[in-house]
Amino acid sequence: MSFKSWLQKVGEDFRKGLDFVLPLAETAGETAVAIFAPQLGPLFNQTVTAVATAEQNFTALGKQNGSGPQKLASVLQITGGLIKQGLTDAGKSATDADVQKYIESVVTILNAVPAKG
């Protein structure tokens, strides 16, 4: 049995996609955010949803591999402004590079979580 990241599983299980999002967003990731930056909790959840949606879209197009920059651009288009405002409201730096780093950090968390089933 091979190790699959949570995002790989979300992409493969297109029909079930967001069913995977809520348990993670409400557990491991949200717990970490609640400890280190509690004001970013809702933003984290929305970013998780946007990342999962991008993953599903690219999987549906048969472009799940090698499309990281395009997926990032998709997430930036969906939530970039919201993330920038959320970072600003939390008193964090909110440059375009900061927004990209925030999204990449969320993706790193999601990729570290082993997929169920």
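One finds the CG atom of Asp98 at 7.0 Å from the CG atom of Leu87 (value rounded to the nearest 0.5 Å). Taking CD1 from Ile83 and NZ from Lys92, the interatomic distance works out to 15.0 Å, rounded to the nearest 0.5 Å.
Leu43 and Leu110 end up in the same hydrophobic cluster when Ile, Leu, Val, Met, Phe, Trp and Tyr side chains are linked at under 4.5 Å. By the rule that hydrophobic residues join a cluster once side-chain heavy atoms approach within less than 4.5 Å of another member, Phe44 and Ile78 end up as members of separate clusters. Leu76 and Val48 fall within the same hydrophobic cluster, where Ile, Leu, Val, Met, Phe, Trp and Tyr residues are linked whenever their side-chain heavy atoms come under 4.5 Å apart, directly or through other members.
Contact check on Asp96 versus Lys84 returns a salt bridge, with a Lys/Arg side-chain nitrogen under 4.0 Å from an Asp/Glu carboxylate oxygen.
The two atoms that bring Leu82 and Gln46 nearest to each other are CD2-OE1, 2.8 Å, heavy atoms only. The minimum heavy-atom distance between Val99 and Ala94, with the atom names listed, is CG2-O, 4.5 Å. Ala50 and Thr79 get closest at one heavy-atom pair: CB-CG2, 3.6 Å.
For the side-chain contact (heavy atoms from CB on, under 4.5 Å) with Glu104, the qualifying choice from Val51, Val75, Leu72 is Leu72, the only one to do so.
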Between Lys71 and Glu55, does the side-chain contact (heavy atoms from CB on, under 4.5 Å) criterion hold? Intermediate values first, please. CA-CA 7 Å; Lys71 291 175 190 173; Glu55 189 70 30; 3.2 Å; yes
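Remark: the Gln85 side chain and the Asp89 side chain contain an N/O donor-acceptor pair separated by less than 3.5 Å.
No donor-acceptor pair under 3.5 Å is formed between the side chain of Asn57 and the backbone N or O of Ala54.
At most 12 heavy atoms of other shown residues, nucleotides or ligands fall within 6.0 angstrom of atom CD in Gln77.
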